[in-house]
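As the structure is a prediction and not an experimental result, all values here were calculated from the model.
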Amino acid sequence: MPRRKKQFKNLTGMPDILKKELSILQDIQKIVTSFANFYNFYQISTPILEEEELFIKGTGEETDIIQKETYSFSTQGKERVILRPEFTPSIVRAYIQNGMETAPKPVKLWSFGPLFRHEKPQKGRLRQFHQFNLEILGSKEAISDALLVQVFANILFEIGLENWKLHVNSIGCKNCRNTYIRKLKSHYKSKIKSICPECKKRIIKNPLRVLDCKEEKCQRVKKLAPQFVNYLCEECHLHFKSFLEFLDIMELPYILNPYLVRGLDYYEKTVFEFIPEGKEDMAQNSLIGGGRYDSLVENLGGRPTPCLGGAGGVERIMEELEENKIKISSNLLEKNITFKEKPVVFIVQLGDMAKKDSLKIIEDFKKAKIKIAENLEKDNLKNQLDRASRIGVKYALILGQQECLNKKVILRNMETGIQKILIQKDLIKEIKKKLKK
């Protein structure tokens with residue numbers, strides 16, 4: 001009998017995506033696209049292959065990703081390259097390289113695509129996987145942290161996932177982190193015989209990573225560890241307090257998790273994760289995670305730029321849908337809503353009270369499927385009206401302290417300059433009438 005020719009198979013941890021799974025993946029991408037467009041994020045596509053040093057310097061040399069999980073190699077030209085294991089360093093590199101540092105701030109970017117990590121394949125962890133990613137570059141205000149979390153929550157709700165918990169924490173900045181790390185090291189070194197071999201290495205090389213260990217004996221040691229929130233400097237404390245207040249305003253329930261850290265070196269201040277209910281103690285349990293990285297642009301050769309971002313794991317979301325027998329049933333998909341058109345309204349807010357009311361108004365416009373723009377970083381009336389004019393919106397909504405107290409808003413026609421006062425609860429109805437005309 002003739003010998004059979006070799007039959008080729010896909011590489012371990014890099015599965016084919018067939019009809020059913022591909023359809024779900026594409027639906028998730030369409031939903032992410034719709035929300036990214038509504039909140040005025042612009043899509044960016046970076047190369048899958050990058051210079052290795054970008055991720056060593058960006059993600060962190062002592063992180064598990066760089067130490068154990070990258071596909072990196074030398075080319076025939078002796079260049080050290082890497083298959084991207086995450087998006088953020090690539091996006092920051094593109095931001096600097098393509099002159100976006102001079103663009104009006106904040107710059108809001110999003111991506112969707114495959115990533116690669118050479119780790120043992122298991123449930124919730126593949127070697128080739130997909131993520132969607134949202135980044136806000138040039139924003140220092142806590143309201144941007146809350147808005148980003150709101151976008152991710154809306155994406156999960158629209159996909160059909162509701163049984164998750166939002167975990168939040170602050171891991172401080174360079175000014176206050178060293179004090180905490182000294183306390184953490186002292187605690188773990190006093191319990192050195194009670195922790196796993198990996199954490200014995202981590203406490204020396206990358207101390208914060210011990211808090212992310214899922215080993216049962218390490219979990220017991222963690223429960224008695226010092227909490228980061230007790231060591232924050234005044235600036236970090238006020239930022240985190242403001243972030244939590246904005247979450248309360250948006251009625252987004254959260255769990256203050258004092259031991260939540262992220263596995264990447266660039267994070268500071270706010271960190272967050274969306275974790276399915278009942279899976280808090282499981283490995284590979286996060287559906288979406290992110291936080292603030294105020295030093296990364298400067299570390300990669302750019303100007304000092306406060307930033308934040310996050311990413312969702314598409315395959316993990318698909319597993320959660322399958323486990324809970326949930327089918328994506330999205331109004332956005334059924335009506336093919338992508339919010340590609342330009343915003344028709346710009347919300348101008350003046351002061352803290354107006355910022356808080358603005359978040360509610362933005363969500364009201366989202367529900368009404370009317371695209372709205374904002375610049376929640378700014379408090380200056382002229383700067384915001386100039387931005388509204390550049391964007392080319394038809395109407396500006398002006399909201400100051402007096403308007404908030406009276407539950408009203410000033411509607412300004414950007415072409416004629418004519419203004420009228422509206423009751424906030426009638427705002428959507430009035431805008432719809434004007435758009436019909």
Side-chain angles (χ1 to χ4, degrees), residues 6-18 21-22 25 45-94 111-133 196-202 204-206 208-215 218 261-267 273 282-290 293 296 300 309-320:
K6 176 180 176 180
Q7 290 188 326
F8 291 94
K9 296 182 179 179
N10 60 295
L11 294 174
T12 303
M14 297 185 175
D16 298 313
I17 306 174
L18 303 180
E21 289 77 16
L22 186 59
L25 185 145
S45 179
T46 56
I48 287 173
L49 203 63
E50 292 270 15
E51 187 179 347
E52 183 184 37
E53 191 181 356
L54 172 68
F55 284 89
I56 291 174
K57 200 168 182 180
T59 303
E61 192 168 2
E62 297 299 332
T63 59
D64 285 354
I65 290 176
I66 298 301
Q67 287 287 311
K68 306 174 185 176
E69 300 170 4
T70 58
Y71 282 94
S72 52
F73 51 91
S74 294
T75 66
Q76 290 183 355
K78 307 300 181 189
E79 291 177 291
R80 289 295 300 174
V81 296
I82 190 171
L83 285 171
R84 63 185 185 198
E86 55 146 336
F87 278 116
T88 302
S90 288
I91 290 174
V92 170
R93 189 263 312 144
S111 291
F112 191 108
L115 303 169
F116 304 85
R117 294 187 191 174
H118 190 279
E119 49 190 342
K120 185 179 177 182
Q122 54 186 279
K123 187 175 175 59
R125 178 185 276 178
L126 295 171
R127 288 178 171 173
Q128 178 175 320
F129 56 98
H130 296 77
Q131 284 187 351
F132 53 87
N133 177 269
C196 72
E198 197 64 40
C199 282
K200 287 175 184 175
K201 297 176 190 173
R202 286 172 177 155
I204 297 168
K205 292 187 174 182
N206 196 358
L208 292 183
R209 292 290 289 120
V210 299
L211 298 175
D212 210 23
C213 183
K214 303 300 182 185
E215 292 278 346
C218 295
V261 292
R262 302 285 296 147
L264 310 172
D265 281 359
Y266 51 68
Y267 281 118
E273 287 188 356
M282 292 173 60
Q284 317 310 321
N285 59 357
S286 174
L287 299 173
I288 293 172
Y293 52 92
L296 183 58
L300 293 179
V314 176
E315 280 78 7
R316 284 193 196 166
I317 287 172
M318 289 167 67
E319 283 181 5
E320 197 66 19

I would like to know whether R316 and S286 meet side-chain contact (heavy atoms from CB on, under 4.5 Å); could you show each step before the answer?
CA-CA 8 Å; R316 284 193 196 166; S286 174; 4.2 Å; yes
For a side-chain contact (heavy atoms from CB on, under 4.5 Å) check, start with the C-alpha distance between H130 and I17, then their side-chain angles and the critical distance, and finish with the verdict.
CA-CA 11 Å; H130 296 77; I17 306 174; 3.5 Å; yes
E315 and E21: CA distance, side-chain angles, deciding distance, side-chain contact (heavy atoms from CB on, under 4.5 Å) verdict
CA-CA 9 Å; E315 280 78 7; E21 289 77 16; over 6 Å; no
CA sep, side-chain torsions, deciding dist, call: V92, Y266, side-chain contact (heavy atoms from CB on, under 4.5 Å):
CA-CA 12 Å; V92 170; Y266 51 68; over 6 Å; no
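We find that E86 and R117 are not joined by a salt bridge, their nearest charged nitrogen and carboxylate oxygen being 4.0 Å or further apart.
Between L300 and P89 the shortest heavy-atom distance is CD1-O, 4.2 Å. Closest approach of R93 and L54 over heavy atoms only: CB-CD1, 3.9 Å. Here the closest non-hydrogen pair linking P85 and F129 is O-CZ, 4.0 Å. Listed here is the closest heavy atom pair of G312 and I288: CA-CG1, 3.6 Å. When all heavy atoms of V210 and C199 are compared, the pair lying nearest together is CG1-O, 3.8 Å.
Within the model, atoms CD of E119 and OG1 of T70 stand 11.0 Å from one another, a figure rounded to the nearest 0.5 Å. Considering CZ of R84 and OG1 of T59, their distance stands at 13.0 Å, rounded to 0.5 Å.
Although no hydrogens or angles enter the test, the distance criterion places no donor-acceptor pair under 3.5 Å between the side chain of R127 and the main chain of P121.
The aromatic rings of F132 and F112 lie parallel to each other, their planes meeting at an angle below 30°, with 60° marking the opposite boundary.
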